[in-house]
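This one's a predicted model, so the numbers in the text were calculated from it and none came from an experiment. Lettering of chains follows the sequences in order, A, B, ..., and the numbering in each one begins at 1.
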2 protein chains.
Amino acid sequence: MLGNPIPTAFHVSTRGEYGMRLMVELARSWGRGTVSLHAIAEREDLPEAYLEQLVAALRKAGLVTGKRGAGGGYLLAREPAGITAGDVVRALEGPIEPQICTAEGDPVVNCVRQQDCGTHEVWAKLQKSIATALDSMTLAELVMTKRPALATT
Amino acid sequence: MLGNPIPTAFHVSTRGEYGMRLMVELARSWGRGTVSLHAIAEREDLPEAYLEQLVAALRKAGLVTGKRGAGGGYLLAREPAGITAGDVVRALEGPIEPQICTAEGDPVVNCVRQQDCGTHEVWAKLQKSIATALDSMTLAELVMTKRPALATT
DNA sequence: TACAATTCCGACCAAGGTGCTCGGAAATCC
DNA sequence: GGATTTCCGAGCACCTTGGTCGGAATTGTA
């Protein structure tokens, strides 16, 4: 059409994408000790230094725990069945809020137009739909492929 | 507007937000002739020059038609019940694609990892959920508020 | 003890997207 | 002819994205 390529809607950034792959790898190795970022970066062909940033966010969100030093690495903070795709996305990309007037949890009052706003319904319904979809998938379910787990330390 | 968009996931930009409001206004005036951008900008308190950009995308998508000259303006290209929130979002923000491997319609082959990719399921399910939610709402339904229609020309 | 592995931390940077503004051409009505 | 309004493209400041880099702190092993 125009000279500018139309971007895509609801695109999840590399933070969400890489982070999800990282978490699935960790889930594969669940119960076998820690896995180093180096191993994950190699296996998934991702920039290791960048993964450090992402895993920091996951740790702060209480989804993974790290162990320093030689033979160290990361592991899930709880069992794969207890972590949802929603948990991962929220930790890396923030709360699911199509619009400020549809913030998760809070009874937000930011919007002055609330009363007769015909569009509020759209974003509220959308928010609920996204959250429901992501919260309905656990890491345990995503691991159901034939790929073997990474070597643990 | 709010100059501080906190990092939130799945945030729809002002293109989608303003565009949706614009379309709801047009839906309110359906059957009464054209409405000028000036009137809409005033009513919704939005920058008129910016709306021009958005309405251009809506016109190219075949959702609205414009009439030039004095007394001109825009009107929906078809009845409000025949236009969904998904139509509007796609026209303004592009196709609904959480990841390139989950493009709408196309049998995409971009992803080399497809075979044993544990995360593909997440984005595919998410895409379907978003599309279903947005495609299930029509402009006719969104107009169900007590607010009066704009004066038409 | 030395050393390598590994997490942890903060700064920095290029490229591109967001959210507009501006000036002007073309059509249409009075 | 003049006012109105759509149509069109360029430009611009700011922010986010997608990383890199250097260096600390911690821990297992030779």
Protein-nucleotides 11-15 of chain C N/O pairs under 3.5 Å:
none

Taking side-chain hydrogen bond (donor to acceptor under 3.5 Å, both in side chains) as the test, write out the residues that go with A:T132, two or more places apart. none
Taking C:dC8, D:dT6, C:dT21 as options, the one with an atom nearest any side-chain atom of B:E52 is D:dT6
Polar atom pairs (N or O), protein with nucleotides 24-30 of chain D, under 3.5 Å:
from: D:dT26; atom 1: O4'; to: A:R68; atom 2: NH1; distance (Å): 3.1
from: D:dT26; atom 1: O2; to: A:G69; atom 2: N; distance (Å): 3.3
from: D:dT27; atom 1: O2; to: A:A70; atom 2: N; distance (Å): 3.1
from: D:dG28; atom 1: OP1; to: A:K67; atom 2: NZ; distance (Å): 3.4
from: D:dG28; atom 1: O4'; to: A:A70; atom 2: O; distance (Å): 3.4

Results of side-chain hydrogen bond (donor to acceptor under 3.5 Å, both in side chains) for A:Q127 - residues two or more places apart only: A:E104
Pairs flagged by salt bridge (charged side-chain N to carboxylate O under 4.0 Å, His left out) wherever residues 62-89 of chain B is involved - sequence neighbours left out: B:R78-B:D87
Picking from D:dC8, C:dC8, C:dT21, which would you name as closest to the side chain of A:Y74? C:dC8
Could you state the CG-P distance from A:L51 to C:dC8, rounded to the nearest angstrom? 14 Å
Between C:dT18 atom C1' and B:L92 atom CG, what is the distance in whole Å? 14 Å
In whole Å, what is the span from the CG atom of B:L54 to the C1' atom of C:dT18? 12 Å
Along DNA chain D (nearest heavy atom to each residue), the more 5'-positioned of B:T65 and A:Y50: B:T65
Are any side-chain N or O atoms of A:E93 and backbone N or O atoms of A:G16, one a donor and one an acceptor, separated by less than 3.5 Å? yes
Picking from C:dT6, C:dT21, C:dG19, which would you name as closest to the side chain of A:S36? C:dT6
Going by the rule side chain to side chain contact (heavy atoms under 4.5 Å, CB included), which residues pair with B:S136 if we only count those two or more places apart in sequence or in a different chain? A:K125
Strictly by ring-ring contact (aromatic ring centres under 6.0 Å, His included), give each pair with a member in residues 39-70 of chain A just once, sequence neighbours left out. A:Y18-A:Y50
In whole Å, what is the span from the CD atom of B:E17 to the C1' atom of C:dT18? 13 Å
State which of C:dT21, D:dG18, C:dG19 makes the closest approach to the side chain of B:S13. C:dG19
What is the distance from CD of A:E48 to P of C:dT7, rounded to the nearest Å? 7 Å
Tell me every residue that passes side chain to side chain contact (heavy atoms under 4.5 Å, CB included) with B:L134, counting only those two or more places apart in sequence or in another chain. A:F10, A:V122, A:L126, B:A85, B:V89, B:I96, B:I130, B:M137
From NE2 of A:H38 across to P of C:dA4 the rounded distance in Å is 15 Å
Is a donor from one side chain sitting under 3.5 angstrom from an acceptor on the other, for B:S129 and A:S129? yes
Restricting to pairs with a member in residues 58-93 of chain B, which pass ring-ring contact (aromatic ring centres under 6.0 Å, His included), not counting sequence neighbours? none
Nearest 0.5 Å, what's the CD-CE distance between B:E44 and B:M20? 12.5 Å
May I ask you to verify if any side-chain N or O of B:R59 is less than 4.0 angstrom from the OP1 or OP2 atom of D:dC7? yes
Would you mind reading off the distance between A:Y18 atom OH and D:dG19 atom C1', rounded to a whole angstrom? 9 Å
Quickly work out the B:H11 NE2 to C:dG17 C1' distance and round it to whole Å. 14 Å
Counting only side-chain nitrogens and oxygens, does B:T14 get under 4.0 Å of the OP1 or OP2 atom of C:dT18? no
